[in-house]
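Encoded as structure tokens, the structure appears first; notes follow it.
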Amino acid sequence: MAEARWYVVHTYSAYENTVKATIEKNVETRHLQDLIHAVTIPMETVTEITDAGPKTVERKVFPGYVLVKMVMTDESWYVVKNVRGVTGFVGSGTKPTPLTDEEVAQLGVEKHEIVVAYAVGDSVTITDGPLTSFVGTVDMLDVAKNKVRVVVSMFGRETPVELELDQVEPVSD
């Protein structure tokens, strides 16, 4: 069986929630869990400044679009395409184009759990970026924000450098 990929579905404006709910209901009633794995609307949390003061709201990142992780078959295509409010799949011509792994990562649709093999105080080697192969000491670790601060000795000075978690690895003996 083919692997499930993320596809972008174009919808009428303000129909995103209805489309998502309808697809999920169709998956449930037609027992298509093995074909259609997930339906999501990318959201972001934004602080709006109003007369009444700052207010935090959830906002759609791409109004008019819904992301669907599915195995593309005639049946799954038909189920999604024929939902009221769907205008079609995003892709060239009649063939839907799946998102690349890079696009999925940029959208933050799938959360990949990063297992950190180092802690504050450990020596690490920088594996990516302009300071590749520098060795430093972990000063701060924020797994939720995917950040690590490493203190590197450059030109006789201790310099803190903020990196992503996967840009460093523990020093191997």
Side-chain angles (χ1 to χ4, degrees), residues 1-11 13-14 16-17 19-20 23-24 36-72 89-93 95-173:
M1 188 152 150
E3 186 184 336
R5 303 285 306 269
W6 284 99
Y7 292 89
V8 180
V9 177
H10 190 262
T11 69
S13 184
E16 302 90 352
N17 294 339
V19 166
K20 179 181 189 284
I23 292 172
E24 288 171 342
I36 301 174
H37 298 215
V39 184
T40 185
I41 302 167
M43 302 290 273
E44 62 184 350
T45 306
V46 186
T47 303
E48 291 181 349
I49 308 300
T50 62
D51 294 342
K55 152 176 114 170
T56 305
V57 293
E58 286 274 304
R59 189 167 66 192
K60 292 178 181 80
V61 179
F62 305 109
Y65 295 95
V66 173
L67 302 179
V68 181
K69 185 173 189 175
M70 60 191 274
V71 177
M72 187 55 73
F89 282 90
V90 173
S92 56
K95 194 167 188 285
T97 308
L99 293 174
T100 64
D101 293 340
E102 292 78 33
E103 290 168 331
V104 171
Q106 283 176 338
L107 291 172
V109 177
E110 290 185 337
K111 301 289 183 226
H112 293 287
E113 195 173 306
I114 298 174
V115 178
V116 182
Y118 49 85
V120 174
D122 288 358
S123 291
V124 292
T125 305
I126 298 173
T127 58
D128 188 29
L131 300 176
T132 299
S133 78
F134 270 73
V135 175
T137 307
V138 176
D139 179 44
M140 184 268 313
L141 200 56
D142 190 341
V143 179
K145 290 186 179 166
N146 192 29
K147 295 285 178 209
V148 59
R149 189 168 59 217
V150 178
V151 177
V152 180
S153 182
M154 283 193 301
F155 313 116
R157 282 210 167 109
E158 298 288 300
T159 307
V161 182
E162 196 161 291
L163 301 161
E164 292 187 2
L165 296 174
D166 60 355
Q167 290 183 294
V168 299
E169 60 185 29
V171 172
S172 52
D173 297 330

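Reckoned from all heavy atoms, side chains included, excluding hydrogens, waters and symmetry mates. Here the structure is a predicted model, which means the values were calculated and not measured.
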If I take atom CE from residue M140 and atom CZ from residue R149, how far apart are they, to the nearest 0.5 angstrom?
4.5 Å
Give me the atom names and distance for the closest heavy-atom approach of V120 to D139.
CG1-O, 3.7 Å
Interatomic distance, CD@E58 vs CE@M43, rounded to 0.5 Å, equals 5.0 Å
side-chain hydrogen bond (donor to acceptor under 3.5 Å, both in side chains) involving D122 - partner list, sequence neighbours excluded
none
Specify the closest pair of heavy atoms between L141 and A119, including all atoms of both residues, with the distance to one decimal.
CD2-CA, 4.2 Å
Rounded distance (nearest 0.5 Å) linking atom CG of L99 with atom NZ of K69:
11.0 Å
If we only count heavy atoms from C-beta on, is the P54 to E48 side-chain gap below 4.5 Å?
no
Hey, would you say the H10 and F89 ring centroids sit under 6.0 Å apart?
no
Tell me the closest heavy-atom pair linking E103 and P98, and the distance in Å.
OE1-O, 4.5 Å
Between V138 and Y118, the two heavy atoms sitting closest are CG2-CD1, 3.8 Å
I23 side, atom CD1; M70 side, atom CE - distance, nearest 0.5 Å:
8.5 Å
Compare all side-chain heavy atoms of L131 with those of M154 and state whether any distance is below 4.5 angstrom.
yes
Which atoms form the tightest heavy-atom contact between V151 and E158, and what is the distance?
CG1-OE1, 3.1 Å
side-chain contact (heavy atoms from CB on, under 4.5 Å) between T127 and T132: does it pass, once the steps are laid out?
CA-CA 5 Å; T127 58; T132 299; 5.7 Å; no
Is it true that a side-chain atom of S153 and a backbone atom of G156 form a donor plus acceptor pair closer than 3.5 Å?
no
Within a strict 4.5 Å, meaning less than it, do heavy atoms of the V19 and N17 side chains meet?
no
Under a 4.5 Å cut-off applied to non-hydrogen side-chain atoms, are P42 and L67 in contact?
yes
Walk me through it: do V39 and V66 pass the test side-chain contact (heavy atoms from CB on, under 4.5 Å)?
CA-CA 7 Å; V39 184; V66 173; 3.5 Å; yes
Validation row: V71, H37 side chains within 4.5 angstrom (heavy atoms)
yes
Salt bridge flag under 4.0 Å for residues E16 and K20
no
Is a donor on one side and an acceptor on the other found under 3.5 Å between the side chain of T125 and the backbone of V171?
no
When rounded to the nearest 0.5 angstrom, what is the spacing between OH in Y7 and OG1 in T97?
8.5 Å
Show the nearest heavy-atom pair for residues A117 and P170, with the distance to one decimal.
O-CG, 3.4 Å
Would D142 and K147 pass as an ion pair if we require N to O under 4.0 Å?
no
Show, in sequence, the C-alpha distance, side-chain angles and deciding distance for K60 and E44, and conclude whether the side-chain contact (heavy atoms from CB on, under 4.5 Å) test is met.
CA-CA 6 Å; K60 292 178 181 80; E44 62 184 350; over 6 Å; no
side-chain contact (heavy atoms from CB on, under 4.5 Å) assessment of V150 paired with T137:
CA-CA 5 Å; V150 178; T137 307; 5.8 Å; no
Straight-line distance of E164 CD to Q167 CD, nearest 0.5 Å
5.0 Å
